[in-house]
Novice: 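Take a look at this one; I'll ask things after.
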Amino acid sequence: MKQDIKLIQQKLGVTADGIIGSRTVEALCRALGVNRVPQWPTQSEVRSGRSVFGSPGCEASLVSILPPYPLLYEGKPVRSLRVHKLIAPHVLAALREVSAHYGQDELHRLGLDRYSGSYNYRSTSGGKALSMHAWGIALDFAAEQNSYSLRAPRASLSHPDCTAWWQIWEAHGATSLGRERDYDWMHLQFARLG
């Protein structure tokens with residue numbers, strides 16, 4: 001069995017050690033054309049400082065990415081989004097898919113072009129624990145129409161025409177507090193609840 005795994009690893013171009021680790025799985029997914037949803041740590045694992053995201057507010061972990069479609073922050077064009085480097089490819093891919101699915105007119109109509117922030121070293125709304133924003137692993141959209149306490153169906157991002165928006169983000173491993181707990185519909189994060 002181990003020898004078979006080594007042969008497969010050689011064909012995939014990864015270290016042929018006979019152990020099925022994350023690099024082997026990633027290479028196999030690429031070879032098969034399968035998108036694997038990342039398994040991000042829980043919020044409590046992130047807050048412990050021992051997750052893949054490291055310490056909060058670590059400048060070396062943050063990168064600026066260019067949005068693939070026009071976003072507005074308080075009515076002004078957004079030049080870049082500042083996020084943790086590990087989620088950057090997933091954020092870009094999700095935004096590209098969102099843009100392709102909806103198109104600019106529909107993005108604007110639904111408020112999906114209203115960016116409300118990402119990296120921000122701060123506590124959670126109504127709490128003392130650090131927000132996932134402090135690691136650069138959370139993003140907010142359309143805050144005015146989706147305030148923290150607003151629930152479905154009043155929150156605009158809870159409407160059926162936004163289902164594809166959430167499915168695209170979830171396919172990249174993001175969690176919606178709105179879909180999971182019916183509050184903070186503006187918020188998505190690359191950490192599981194718990």
Novice: Return each pair, listed once, that meets side chain to side chain donor-acceptor pair (under 3.5 Å) where at least one residue sits in residues 143-158; pairs must be two or more places apart or across chains.
Specialist: N146-S156
Novice: Are the side chains of W165 and L110 in contact, using a 4.5 Å heavy-atom criterion?
Specialist: no
Novice: Quick check against the 3.5 Å criterion: does S99 have a side-chain atom that pairs as donor or acceptor with the backbone of R96?
Specialist: no
Novice: Between the side chains of H172 and E97, is a donor N or O closer than 3.5 angstrom to an acceptor N or O?
Specialist: yes
Novice: Checking W135 side chain against G54 main chain: does a donor-acceptor pair fall under 3.5 Å?
Specialist: yes
Novice: Parallel, tilted or perpendicular: which describes the rings of W185 and W166, with under 30° parallel and over 60° perpendicular?
Specialist: perpendicular
Novice: Of the non-hydrogen atoms in T124 and R47, which two are nearest, and what is the gap between them?
Specialist: CG2-NH2, 3.5 Å
Novice: Is the shortest heavy-atom distance from the side chain of W169 to the side chain of V98 under 4.5 Å?
Specialist: yes
Novice: So, E74 and R114, do they make that salt bridge, N to O below 4.0 Å?
Specialist: no
Novice: Please report the closest heavy-atom contact between L66 and S80, naming both atoms and the distance.
Specialist: CD2-CB, 4.5 Å
Novice: Please say yes or no: joined through hydrophobic side-chain contacts below 4.5 Å, possibly via intermediate residues, are L139 and L72 part of one cluster?
Specialist: no
Novice: When rounded to the nearest 0.5 angstrom, what distance separates CZ in R109 from CD in Q104?
Specialist: 13.5 Å
Novice: I'd like to know whether R179 forms a side-chain contact (heavy atoms from CB on, under 4.5 Å) with T163, so could you lay out the CA-CA distance, the side-chain angles of the two residues, the decisive distance to 0.1 Å, and finally the verdict.
Specialist: CA-CA 10 Å; R179 281 170 58 102; T163 300; 4.1 Å; yes
Novice: Using atom types as modelled and distance alone, determine if a side-chain donor or acceptor of S55 lies under 3.5 Å from a backbone N or O of C58.
Specialist: no
Novice: Do you know the tightest heavy-atom contact between A191 and T42?
Specialist: CB-C, 4.3 Å
Novice: Which heavy atom of D182 sits nearest a heavy atom of A152, and at what distance?
Specialist: OD1-N, 2.8 Å
Novice: What heavy-atom pair brings S116 and A142 nearest, and what distance separates the two atoms?
Specialist: OG-N, 3.4 Å
Novice: Which donor-acceptor pairs under 3.5 Å do the side chains of residues 126-133 make with protein atoms, sequence neighbours left out?
Specialist:
{"from": "S131", "atom 1": "OG", "to": "H133", "atom 2": "N", "distance (Å)": "3.0"}
{"from": "H133", "atom 1": "ND1", "to": "S118", "atom 2": "O", "distance (Å)": "2.7"}
{"from": "H133", "atom 1": "ND1", "to": "A138", "atom 2": "O", "distance (Å)": "3.4"}
{"from": "H133", "atom 1": "NE2", "to": "R122", "atom 2": "NH2", "distance (Å)": "3.4"}
{"from": "H133", "atom 1": "NE2", "to": "D140", "atom 2": "OD1", "distance (Å)": "3.4"}
{"from": "H133", "atom 1": "NE2", "to": "D140", "atom 2": "OD2", "distance (Å)": "3.2"}
{"from": "H133", "atom 1": "NE2", "to": "H187", "atom 2": "ND1", "distance (Å)": "3.3"}

Novice: Does L193 reach the side chain of L177, with side-chain heavy atoms less than 4.5 Å apart?
Specialist: yes
Novice: Side chains of I87 and F53: does their closest heavy-atom pair fall under 4.5 Å?
Specialist: yes
Novice: So, do Y121 and P56 sit near enough that their side-chain heavy atoms are less than 4.5 Å apart?
Specialist: yes
Novice: Suppose we screen for salt bridge (charged side-chain N to carboxylate O under 4.0 Å, His left out). Which residues come up paired with R82, at least two apart in sequence or across chains?
Specialist: E59
Novice: As an exercise, state the distance from CG of L81 to CG of L71, rounded to the nearest 0.5 Å.
Specialist: 6.0 Å
Novice: Can you list the other members of the hydrophobic cluster that holds L7, where links are side-chain heavy atoms under 4.5 angstrom apart?
Specialist: none
Novice: If I compare all heavy atoms of A60 with all of K85, which pair ends up nearest, and what's the gap?
Specialist: O-NZ, 4.0 Å
Novice: Would you say I137 and M186 are hydrophobically clustered, going by side-chain heavy atoms of ILVMFWY under 4.5 Å?
Specialist: no
Novice: State plainly whether one hydrophobic cluster holds both V91 and V52, where clusters connect Ile, Leu, Val, Met, Phe, Trp and Tyr through side-chain heavy atoms under 4.5 angstrom apart.
Specialist: yes
Novice: Between Y69 and L95, is there a side-chain heavy-atom distance shorter than 4.5 Å?
Specialist: yes
Novice: For residues K11 and I8, determine if any side-chain heavy atom of one lies less than 4.5 Å from a side-chain heavy atom of the other.
Specialist: no
Novice: Please identify each residue that fulfils ring-ring contact (aromatic ring centres under 6.0 Å, His included) with Y119, with sequence neighbours left out.
Specialist: none
Novice: Measure the CG-CZ distance between L86 and F190 for me, rounded to the nearest 0.5 Å.
Specialist: 11.0 Å
Novice: Is a donor on one side and an acceptor on the other found under 3.5 Å between the side chain of H159 and the backbone of D161?
Specialist: no
Novice: Ring-plane angle category for H90 and W40, please: parallel below 30°, perpendicular beyond 60°, tilted otherwise.
Specialist: perpendicular
Novice: When rounded to the nearest 0.5 angstrom, what distance separates NE2 in H101 from CD1 in I168?
Specialist: 6.0 Å
Novice: Going hydrophobic residue to hydrophobic residue with side-chain gaps under 4.5 angstrom, can you get from L157 over to Y183?
Specialist: no
Novice: Going by side-chain hydrogen bond (donor to acceptor under 3.5 Å, both in side chains), name the residues that satisfy it together with D113, two or more places apart in sequence or in a different chain.
Specialist: H108
